[in-house]
Number of protein chains: 2
Amino acid sequence: MDSTDDILDLDNQLCFALYAANRAVTSLYRPLLTELGLTYPQYLVMLVLWEAATASEVVRVSGLGSRLRLDSGTLTPLLKRLEERGLVRRQRSVEDERVVTVAVTAAGLAMREQAKSIPSRLLCSTGVDSERLMALRDELRSVLARLESRQAPSAR
Amino acid sequence: MDSTDDILDLDNQLCFALYAANRAVTSLYRPLLTELGLTYPQYLVMLVLWEAATASEVVRVSGLGSRLRLDSGTLTPLLKRLEERGLVRRQRSVEDERVVTVAVTAAGLAMREQAKSIPSRLLCSTGVDSERLMALRDELRSVLARLESRQAPSAR
DNA sequence: CTCAATTATATTGTACACAATACAATATCC
DNA sequence: GGATATTGTATTGTGTACAATATAATTGAG
């Protein structure tokens, strides 16, 4: 195997490390979120909506999308499932009928109390010390910011 | 907002940083892989198969799964699509008929030459220096190893 | 005022992920 | 050697992702 072959070596690749680590972490969340009946992306949506409810802010589908970097093709069916379960209310704006706002219901807000234990329980289940995880998080955020500033010109 | 609310703050969470960074990196690959007509997970499968072809090793579906951390429910349809395109050959073993081996065809091997340019082109498109990315990759790998050693006892 | 461009969301189709289950073949225990 | 457990892959169903397209409402130019 010559040196150019190493370039394609799977284990050398950042992409795969990210891909595998992401799925490993998601699978750590799975059992905890199953208790709430949420999937991982649903949990992320609820996090944003809980934050907005606390700050008394109105959230649109487009706002959720830019925050979570998801498009409407992903969010619309996800939000409809949360609405069917009574956790969320979708409402078309009266000023601009193109806009759909999303807010947690009382049941959705109540779920927040159960969700509060998740971050600390997850941290325990990793077996990795928290300073190291926070450093990793910061590095990921920094790289993400750089990537997004690069693709911004013709953003989705 | 009291301090316990911070725990659920989206931006504090490693999980989201991983989730978003993974999708951002995948979307950087997308245009390059589209030239080859591959999706990102298909590309990862091809990387393993190219490596195996070089080493003259036989790869099973289960081997692909443990390497990529994917199960047969994901791999079987993916491999069938690669087979339909003539990039891959699936063959049931004669010694043990439960086993299906997967290998690249001549066309699949030829694609490797085109794929060689991908890592360096991707690196350029990130705009992040490579030392930093390698450090991030190593840290992710290390955390992944720790997570997997924890969940290993009752692995999927 | 009206047509064109833009904006915001929804819909459709393809392709992962993964849990749950099915099923067939091999291995093992007695 | 036959019941039982294990192993390896396939199938099914649910839920994301995302490109491409559709639709409807708003904005803006003339």
Side-chain angles (χ1 to χ4, degrees), chain A residues 16 19-31 33-34 37-46 58-66 68-85 90-102 151 154-156, chain B residues 16 19-31 33-34 37-46 58-66 68-85 90-102 151 154-156:
Chain A
F16 175 67
Y19 176 75
N22 177 48
R23 283 184 300 115
V25 169
T26 302
S27 74
L28 283 182
Y29 273 92
R30 209 184 315 279
L33 294 178
T34 299
L38 295 178
T39 64
Y40 183 70
Q42 286 171 3
Y43 172 64
L44 294 178
V45 166
M46 292 303 288
V58 175
V59 181
R60 310 172 164 199
V61 174
S62 58
L64 276 173
S66 64
L68 298 174
R69 280 78 170 171
L70 294 172
D71 74 0
S72 67
T74 302
L75 286 172
T76 296
L78 186 157
L79 291 170
K80 283 183 176 175
R81 279 186 280 270
L82 292 179
E83 189 174 39
E84 274 175 27
R85 289 190 47 203
R90 291 159 69 246
Q91 200 154 19
R92 198 164 282 278
S93 164
V94 280
E95 303 100 50
D96 186 340
E97 293 192 7
R98 294 169 306 179
V99 175
V100 171
T101 63
V102 187
Q151 16 186 217
S154 65
R156 310 190 44 198
Chain B
F16 175 67
Y19 176 74
N22 178 48
R23 282 184 300 114
V25 170
T26 303
S27 75
L28 283 183
Y29 272 92
R30 208 184 315 281
L33 293 178
T34 298
L38 295 178
T39 64
Y40 183 70
Q42 286 171 2
Y43 172 63
L44 293 179
V45 166
M46 293 302 289
V58 174
V59 181
R60 311 172 162 200
V61 174
S62 59
L64 276 173
S66 64
L68 299 175
R69 280 77 169 172
L70 294 172
D71 73 1
S72 67
T74 302
L75 287 173
T76 297
L78 186 157
L79 291 170
K80 284 183 175 175
R81 279 185 281 270
L82 292 179
E83 189 175 38
E84 273 175 28
R85 288 190 49 204
R90 291 160 68 247
Q91 199 153 17
R92 198 166 283 277
S93 165
V94 280
E95 302 100 50
D96 185 340
E97 292 193 7
R98 296 170 304 180
V99 174
V100 172
T101 62
V102 187
Q151 22 187 211
S154 66
R156 311 189 44 204

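Lettering of chains follows the sequences in order, A, B, ..., and the numbering in each one begins at 1. Computed from a prediction, not measured in an experiment: that's the story for all the values here.
In this structure a side-chain-to-backbone donor-acceptor pair under 3.5 Å is missing from R69(B) to R23(A).
When rounded to the nearest whole Å, the span between CG of L82(A) and P of dG15(D) equals 10 Å. A straight line from CG of L33(B) to P of dA19(D) spans 13 Å, rounded to a whole angstrom. Between the P atom of dT16(D) and the OH atom of Y40(B) lies a distance of 22 Å, rounded to the nearest Å. For the pair Y43(A) OH and dT16(D) C1', the interatomic distance rounds to 18 Å; values are reported in whole Å. Look at CZ on R23(A): it is 12 Å from P on dA17(D), rounded to the nearest Å. Between D96(B) atom CG and dA27(C) atom P there is a gap of 7 Å when expressed in whole angstrom units. If you take CG of L64(A) and C1' of dA17(D), they are 16 Å apart, rounded to a whole angstrom. The distance between atom CG of L68(B) and atom P of dC18(C), rounded to the nearest whole Å, is 11 Å.
Comparing atom distances between the Q42(B) side chain and each of dA17(D), dG15(D), dA15(C) picks out dA15(C) as nearest. Checked against dA17(D), dA19(D), dC18(C), the side chain of L70(A) finds its nearest nucleotide in dA17(D). When distances run from any side-chain atom of D71(A) to the nucleotides dC16(C), dA19(C), dA19(D), the shortest one goes to dA19(D).
The shortest side-chain heavy-atom distance between R85(B) and L38(B) falls under the 4.5 Å cut-off. Residues V61(A) and R90(A) fail the side-chain proximity criterion, which asks for heavy atoms closer than 4.5 Å. A 4.5 Å side-chain heavy-atom check between L78(B) and P41(B) finds at least one atom pair inside the cut-off. The closest side-chain heavy-atom distance from L70(B) to L64(B) is not below 4.5 Å.
Between Y19(B) and dA17(D), a side-chain N or O to OP1/OP2 separation shorter than 4.0 Å is present.
Ring planes of Y40(A) and Y19(B): perpendicular class, angle over 60° (limits at 30 and 60°).
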### Message
Walk along nucleotides 9-14 of chain D from 5' to 3' and tag each nucleotide B, S or - by protein heavy-atom contact under 4.0 Å, base first, then sugar-phosphate.
### Response
SBB---
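In this view, S72(B) and T76(B) satisfy the side chain to side chain contact (heavy atoms under 4.5 Å, CB included) rule, not counting sequence neighbours.
Residue L78(A) is the one, among E97(A) and L78(A), whose nearest nucleotide of DNA chain D lies closer to the 5' end (criterion: closest heavy atom).
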